[in-house]
Amino acid sequence: MSALELIATTKTYGDIIAVDAIDHKFASGTYSCLLGPSGCGKSSTLRMIAGHETVTSGDIILGGTNVTDLPPAARGTAMMFQNYALFPHLSVIDNVAFSQKMQGIEKTKRRARAMELLELVDMQEYAERIPDQLSGGQQQRVALARALITEPSILLLDEPLSALDPFLRIKMRTELKKLQRSLGISFIHVTHSQDEALALADEIIVMNNAVIEQSGSPSEVFNRPNSEFVAKFIGGHNVIQTDTGKIAVRTDRVKIQKSKSKGAISAAIQDVEFLGSTVNVTLNSDPKGEMVVSVSDNVFYENPMEIGETAFLSWNKKDAHKLAE
Ligand code: ADP
Ligand code: MG
């Protein structure tokens, strides 16, 4: 049985169709990422799952129960918000214990439970501080502990890493994944970052214009994008028009050479970008348009190329992936 099933789930706001009859089954105990550009309907989907937004039509089935019309607290989900939404005047431990206080659980008992969750996210030493006295990463851990105290079967996270600086983002990303593995519950994480989704997810669900474009494991989505949109959004691909339709070829699978070989296409180098372990070369090839080739830094600098030079591009047929029209 899947942990969560969306059946023709739809959300409209007046004339705007934010989520257009999406169907999806989320497996239990997995880390799923809803990935897509701003405005594609990710947060609306998550909020409907949480019960913070009404469902215009369709159904939401959680662990076999139709929860479409149930209030948030009756669903067994918990949500961690983008800005963490901690109570500024409450100590860390009281923030975490808050939902248990609402349930009327006695003070020593709820504080003991809150402490266990603070230990889980390694924040036990900060229990008596208020949120203002914590860094962004620490606030996030408190928000996680606060969401987890309800023992949800599914944790919903809306852009949980976007407020963090790049270094901390990668550190917290690893911690989220570790936490999901150790708890064994399903996490559904909304992000517009391809890197984040590729690094974290067991399953990526790519959304665009209120619908699901593609879902699959990170390697399936990255290596076999089924549309031009997914190939471009997931990044690392060239989309090339051929006589028989469009193909996608990974930027690191295109070979770039100074001299012409059979079948290679010529292109003018427009830009060379050093990215550390790789160098991205952007070229313009008439009539195929812009192409990007990603070369490992040692290969590139053995035989460097410069802006304005003409280069020749080729790829193996097996690396060319046909896209749906
Ligand atoms: P995402 O999280 O992918 O950025 P959202 O689910 O927030 O997308 O929004 C999807 C669409 O619905 C957008 O066009 C957005 O402007 C619109 N929308 C979201 N919330 C509301 C609202 N409360 N009222 C009206 N339109 C909304
Ligand atoms: Mg959003």
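Each ligand, and each atom within it, is numbered from 1 in the order the structure gives.
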Original post:
To which of S44, G39, P37 does the heavy atom nearest atom 4 (O) of ligand 1 belong?
Top reply: G39
**OP:** Can you pull out the closest protein heavy atom to atom 19 (C) of ligand 1? Residue, atom name and distance to 0.1 Å, please.
**Re:** Y13 CE1, 3.5 Å
Original post:
Does C40 reach ligand 1, in the sense of a heavy atom lying below 4.0 Å from it?
Top reply: yes
**OP:** For atom 12 (O) of ligand 1, state which one of S43, G41, S38, A18 supplies the nearest heavy atom.
**Re:** A18
Original post:
If you draw the axis of the six-membered ring of Y13, does the NZ or CZ of K11 fall within 45° of it and under 6.0 Å from the ring centre?
Top reply: yes
**OP:** Hey, could you give me the CG/CG distance between L134 and L86, rounded to the nearest 0.5 Å?
**Re:** 8.0 Å
Subject >> M48 vs I60, side-chain contact (heavy atoms from CB on, under 4.5 Å): CA-CA, chis, key distance, verdict >> reply: CA-CA 8 Å; M48 285 192 286; I60 297 177; 4.0 Å; yes
**OP:** Taking both backbone and side-chain atoms into account, decide whether S43 has an N/O/S atom under 2.8 Å from the Mg ion (ligand 2).
**Re:** yes
**OP:** Evaluate side-chain contact (heavy atoms from CB on, under 4.5 Å) for I240 paired with V249, printing each intermediate quantity in order.
**Re:** CA-CA 8 Å; I240 304 163; V249 185; 4.0 Å; yes
Subject >> Parallel, tilted or perpendicular, as decided by the 30° and 60° cut-offs, for the rings of F233 and F229 >> reply: parallel
Original post:
Counting heavy atoms only, which part of R47 comes closer than 4.0 Å to ligand 1: side chain, backbone, both or neither?
Top reply: side chain
Original post:
Identify the closest protein heavy atom to atom 16 (O) of ligand 1: which residue and atom is it, and at what distance?
Top reply: I16 CD1, 5.0 Å
Original post:
Does T45, backbone or side chain, put an N or O under 3.5 Å from an N or O of ligand 1?
Top reply: no
Original post:
Is it the case that R146 places NZ or CZ above or below the six-membered ring of F87, under 6.0 angstrom from the centre and within 45 degrees of the axis?
Top reply: yes
